[in-house]
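Beneath this line is the structure, given in structure tokens, with notes to follow.
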2 protein chains.
Amino acid sequence: MPSDDQPVPVFPKPVTLRDVAAQAGVSVATASKALNDQGRMTAETRERIRETARSLGFRPNSLAQSLLRRRSFTVGLLTNDTYGRFSLPLMSGISDALVDKGVSVFLCNVEEDPRLGQMHVDAMLDKRVDGIIATGKRIDRHLPIDLSNLRVPVIYAFTQPDPDAVAFVSDDAGGARLAVEHFCRLGRRRIVHVSGPASFAVVHARAQAYRDVLAENGLPVTEPLLGSWSEAWGHQAVAQLFDGKSDRPDAVFCGNDQIARGVIDALRERGLDVPNDVGVIGFDNWEIVAEATRPPLTSVDMNLTALGREAGLTLLSLVGGTAAAPGIRKLPCLLVVRHSCGRPMDG
Amino acid sequence: MPSDDQPVPVFPKPVTLRDVAAQAGVSVATASKALNDQGRMTAETRERIRETARSLGFRPNSLAQSLLRRRSFTVGLLTNDTYGRFSLPLMSGISDALVDKGVSVFLCNVEEDPRLGQMHVDAMLDKRVDGIIATGKRIDRHLPIDLSNLRVPVIYAFTQPDPDAVAFVSDDAGGARLAVEHFCRLGRRRIVHVSGPASFAVVHARAQAYRDVLAENGLPVTEPLLGSWSEAWGHQAVAQLFDGKSDRPDAVFCGNDQIARGVIDALRERGLDVPNDVGVIGFDNWEIVAEATRPPLTSVDMNLTALGREAGLTLLSLVGGTAAAPGIRKLPCLLVVRHSCGRPMDG
DNA sequence: TTGAAAGCGCTAACAA
DNA sequence: TTGTTAGCGCTTTCAA
């Protein structure tokens, strides 16, 4: 027996097309056509129906529409990037590109758990998402689920794609070029590279671009120093590079912003000035880190929001039946210049 | 005229209940009952239907079910926290609590834009979400949309609620108590508080708890130093606290981890040892920051994942028709002990 | 024990 | 110009 002291809120029943039709004194079909700009009828009737719909606050039931149209105006975003470092900017771009088309996004974090991943995929499929975008925290690892042969189109963005799938990634080599060329342009001559673990594909892509640019500019190439993605490694690397060496670097290109932060701190601690003695560039443009270093860090931005926008729009065209060429498309990075590289050095 | 060189992938038509029924040689109604454990029939029939469903890979169309049940097993998460610092752990908790109940989450970032917010809310409502959870980046600001009198239940989590709504927030005062009491327990005597801008409600809640605990322990209370939420402010505060002062603090409780990071760095730069000379505690337990300080930072965790879980479950019970008492429920924080406070000091 | 029929809210042929 | 009818995929009386 329910107690009466706690009022159970009662939610108003939504207004249906039937209600509108009745109120306007027409059939449901006519009402539907009036509201969808279909069919032929007097402007007067159409307007009257519209007006009653408006006054009743009618909003069509998407579920009913979707059932009929076989299209739910819903997409799923699958990720294993718990902290959202990469998936949130991406999400933001996707959402951005799709809101005004009426498409909403299911966000599902699958961690590294295939069972969890399967649950999410099943739930999404059952809800008849129009398509799925897969993303993750690194470009060279698969999500823990098989997304091939689904009943809906799939796009990979910033994660390892299946063969023959449509995929978008950032152009890591291009991003590295931006950084190293920036150093060259500023007149730096001894440019070194401190990066993450060799197990990451991006580490090699960036390192190769680093070598290429230096060679193109006739500058000496030092083997990149590989370590972890941490500040601590940035510190250690500085020790390796500067302890009792005669030809010290005047520029450090770092594999991510955390390493760069460690490098900047370590340089300051040994009395070296950034940017005057040594210039530093990071990667990822993680604002919270890049803006807190002293001085603020120049960094390569992977432009993940644009990547997301691109992925979203492409998914939509796939949903619309347009074929997209399979393969991996690389999107350009941006160099965000702050104060860690200084102005051009003279002669 | 479509060109043939680019094969347009064709997606298989989903298996419907009708297909299952036909294959099993029964009516759709029977098939439905068999799969839903409803009605009465021979175990043999039921099993046969189940088996054919399984073999055909049948999955019920959620849209159709939702239309009928008037329940979509979908909720919306509204946020203005672009970077997801707070909304992602929350999301994670919500999702966690709801996946195995088959509920999926629409994530919508509304920034500070009322128009965008309205679009998202409308889209969610049209898609017949069962309920909405509102969250944000601070506890004392409203989202830029009015969520009262919606057709679905709304829960506020970590954002300013409407009056009479159901809301969950972290217990900031309690969290501050944890920190300051920890210092007391370790024998620190001159504990100061460096926090964010006075415009934030949490700043006052935490400051008051700070004062209370010190008073309870008979320790001297210094007025909290208020500034910005940045590392730079942490540096400045240290200058203010330590420059030419005679009775220097032996413990600093910081309003967030970034301030704490600034404090730790500034202390080290002036030759003070953390934790031996000065203990430091942060707030937020943002791992990326807290684990990178030297030494790693002890910090108050708002336990947002638990908050999300709670919010998700409560929303679900609201959806189920159970009344929940309106009001703001505060959930306890956790102290995550790392190495910035040291061990108990002797007498 | 099973099935026929109605209906969730909407759209789209087709008739009138 | 408008309305009738059928049907999207499913669940649920109710009758057989």
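Nearest-nucleotide assignment on DNA chain C puts the 5′-proximal partner with V28(B), out of V28(B) and T30(A).
At its two ends the helix from dT1(C)-dA16(D) to dA16(C)-dT1(D) runs along axes set 50° apart, each axis drawn from five pairs and the angle rounded to 10°.
Under the 3.5 Å distance criterion, the side-chain polar atoms of S72(A) are matched with a main-chain donor or acceptor of R128(A).
Mapping heavy-atom proximity under 4.0 Å, the span of DNA chain D touched by chain B runs 5' to 3' from dC8(D) to dT12(D).
Taking side-chain N and O atoms only, R18(A) has a distance below 4.0 Å to OP1 or OP2 of dC8(C).
Side chain of P60(A), nearest nucleotide from dC14(C), dC8(C), dC10(C): dC10(C).
For the segment residues 34-51 of chain B, the set of residues with a heavy atom within less than 4.0 Å of an atom of DNA chain C comprises R40(B), M41(B), T42(B), T45(B), in numerical order.
Between Y156(B) and H142(B), the two ring planes are perpendicular [angle over 60°; tilted spans 30° to 60°].
Test L307(B), T159(B), D81(B) against F86(B) for side-chain contact (heavy atoms from CB on, under 4.5 Å) and you get one pass: D81(B).
Q23(A) and D19(A) share no side-chain donor-acceptor pair at under 3.5 Å. With no hydrogens or angles considered, no side-chain donor-acceptor pair links K127(B) and T74(B) at under 3.5 Å.
T16(A) comes within contact range of the sugar-phosphate backbone alone, with a heavy-atom separation under 4.0 Å but no base atom that close.
If you take CG of L56(A) and P of dG9(C), they are 15 Å apart, rounded to a whole angstrom.
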